[in-house]
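Beneath this line is the structure, given in structure tokens, with notes to follow.
The basis for the numbers below is simple: all heavy atoms, side chains too, and nothing from hydrogens, waters or symmetry mates.
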Amino acid sequence: MIHSKMESIIKIENISKVFSNGEVETLALNKINLSIQKGDFVAIMGPSGCGKTTLLNIIGLLDNASSGYYYFNQIETQKLTENRRSKLRKGKIGFVFQNYNLIENLNIFQNVELPLLYLKETYSIRKQKVEAILEKLGIAHHIKSTPSQLSGGQQQRVAIARALVADPMLILADEPTGNLDSNNGDKVMNLLQQINREGTTIVIVTHSQKDATYARRAIKLFDGIILNETYK
């Protein structure tokens, strides 16, 4: 399936990534070509060490490729300064991690409002948006709790709320159910599917074939190359 750059939120052309460790070089990604449209839900799959997280970090502008071109929202990003990349991420990309990455000495409200603080939103807007997203995700009654007072499933919902609160165009999730039992994992995947149906583009990295069934499209990586893609 070929799409033009103008239609894509993500357009990757011949991206390679090499990691150097002293005299040893490891080719993590090998001339990857990938296009992801607005509103898509993509699962990136493959064994450990195949390049999944490296690819996700490049898509999220957390890392740079060694060669090739990456267009995010039609902007070519490879030669951007770190400051410009950071500005491009703000408010446009939300991240969800396997380990939640919540700040323990902040309560749930404070954790979720962080992206809005970076965007310099007023307190009244932050309060309105945080309360609305916590209500939507069914965790508003935990607004004054700390992360350690919540279950793993609840903490991941908080992490998703934090990713969503600034209304980004793209959500990136790295093994979002990796630390959850199957019941809570299903709840998180159903939540991501609902968010996608409302229009947010989602890309997840997962080992789980079951989690991948929630996506509209699955991309299988192996040794830094795309083996195949399947569509629903």
Side-chain angles (χ1 to χ4, degrees), residues 1 3-13 15 17 29 32-45 51-65 68-78 80 82-98 100-101 112 114-116 118-119 121 129 133 136-137 156-177 188-206 211-212 214-219 221 226 229 231-232:
M1 203 179 249
H3 304 281
S4 76
K5 221 155 35 192
M6 294 301 290
E7 296 173 323
S8 304
I9 187 172
I10 292 163
K11 178 73 174 178
I12 285 172
E13 297 177 347
I15 285 286
K17 179 66 177 180
L29 296 174
I32 295 284
N33 287 283
L34 177 62
S35 182
I36 295 174
Q37 314 313 115
K38 289 182 179 179
D40 210 347
F41 188 165
V42 177
I44 300 172
M45 305 186 68
K52 301 188 303 296
T53 297
T54 300
L55 180 56
L56 199 74
N57 286 341
I58 289 171
I59 291 172
L61 301 171
L62 298 174
D63 198 2
N64 232 355
Y69 300 93
Y70 171 34
Y71 299 86
F72 173 69
N73 201 29
Q74 300 164 38
I75 298 171
E76 209 290 298
T77 65
Q78 281 296 98
L80 295 181
E82 180 50 44
N83 185 50
R84 183 74 182 89
R85 290 155 67 83
S86 176
K87 286 181 178 176
L88 199 54
R89 281 195 303 268
K90 274 185 195 175
K92 293 185 178 67
I93 304 176
F95 296 90
V96 179
F97 303 96
Q98 178 177 346
Y100 323 131
N101 285 18
V112 174
L114 281 172
L116 301 176
Y118 297 142
L119 291 171
E121 296 283 14
K129 288 187 173 183
I133 197 66
K136 180 177 180 178
L137 270 57
Q156 193 59 298
R157 281 176 174 259
V158 174
I160 292 170
R162 180 183 58 193
L164 282 172
V165 73
D167 194 25
M169 60 175 61
L170 175 66
I171 295 286
L172 301 178
D174 193 353
E175 299 284 1
T177 68
V188 164
M189 291 310 301
N190 276 313
L191 182 56
L192 289 173
Q193 192 175 57
Q194 175 193 336
I195 292 161
N196 172 250
R197 285 172 179 158
E198 292 169 359
T200 304
T201 309
I202 297 180
V203 180
I204 68 167
V205 157
T206 182
D211 285 1
Y214 287 85
R216 299 181 186 183
R217 177 180 170 199
I219 296 169
L221 281 185
I226 294 177
E229 299 185 40
Y231 295 82
K232 271 192 177 179

Name all residues meeting the salt bridge (charged side-chain N to carboxylate O under 4.0 Å, His left out) criterion together with [X]; count only those two or more places apart in sequence or in a different chain, and write none if there are none.
X      : result
Glu121 : Lys129
Asp63  : Lys17
Asp40  : Arg217
Glu198 : Lys136

* Asked: Which pairs with one or both residues in residues 163-174 pass side-chain hydrogen bond (donor to acceptor under 3.5 Å, both in side chains), sequence neighbours excluded?
  ->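 As it turns out, the side-chain hydrogen bond (donor to acceptor under 3.5 Å, both in side chains) pairs with a partner in residues 163-174, which skip direct neighbours, are Thr53-Asp174.
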* List the steps, then state whether side chain to side chain contact (heavy atoms under 4.5 Å, CB included) holds for Met45 with Ile219. => CA-CA 6 Å; Met45 305 186 68; Ile219 296 169; over 6 Å; no
Spacing of [atom1] belonging to [X] relative to [atom2] belonging to [Y], to within rounding of 0.5 Å:
X      : Y      : atom1 : atom2 : value
Leu170 : Lys92  : CG    : NZ    : 12.0 Å
Ile44  : Lys52  : CD1   : NZ    : 9.5 Å
Gln78  : Ile12  : CD    : CD1   : 9.0 Å
Leu88  : Phe72  : CG    : CZ    : 5.5 Å
Gln37  : Lys11  : CD    : NZ    : 8.0 Å
Thr201 : Ile171 : OG1   : CD1   : 9.5 Å

* Asked: Side chain of Arg216, backbone of Gly39: donor and acceptor closer than 3.5 Å?
  -> yes
Which pair of heavy atoms, one from [X] and one from [Y], lies closest together, and at what distance?
X      : Y      : value
Leu192 : Pro176 : CD1-CG, 4.2 Å
Ser8   : Ser35  : OG-OG, 2.6 Å
Glu76  : Leu80  : O-CG, 3.8 Å

Residues that [X] engages under side-chain hydrogen bond (donor to acceptor under 3.5 Å, both in side chains), provided they are two or more places apart:
X      : result
Asn64  : Arg85
Thr177 : Asp211
Arg84  : none
Asn101 : none

* What do you reckon, is CZ of Phe97 surrounded by more than 12 foreign heavy atoms closer than 6.0 Å? -> yes
* List in chain and number order the residues that pass side-chain contact (heavy atoms from CB on, under 4.5 Å) with Gln98, two or more places apart in sequence or in another chain; answer none if no residue qualifies. =>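 Gln98 satisfies side-chain contact (heavy atoms from CB on, under 4.5 Å) with Glu175, Asn179 once adjacent residues are dropped.
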* **Residues forming a side-chain contact (heavy atoms from CB on, under 4.5 Å) with Ala161, sequence neighbours excluded** =>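 Result, side-chain contact (heavy atoms from CB on, under 4.5 Å) vs Ala161: Val112, Ile133, Leu134, Leu137.
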* Quick one: does Tyr214's side chain get under 4.5 Å of Asn190's, heavy atoms only? -> yes
* **With Thr54, the side-chain contact (heavy atoms from CB on, under 4.5 Å) member among Leu221, Leu29, Ile59, Ile32** => Leu29
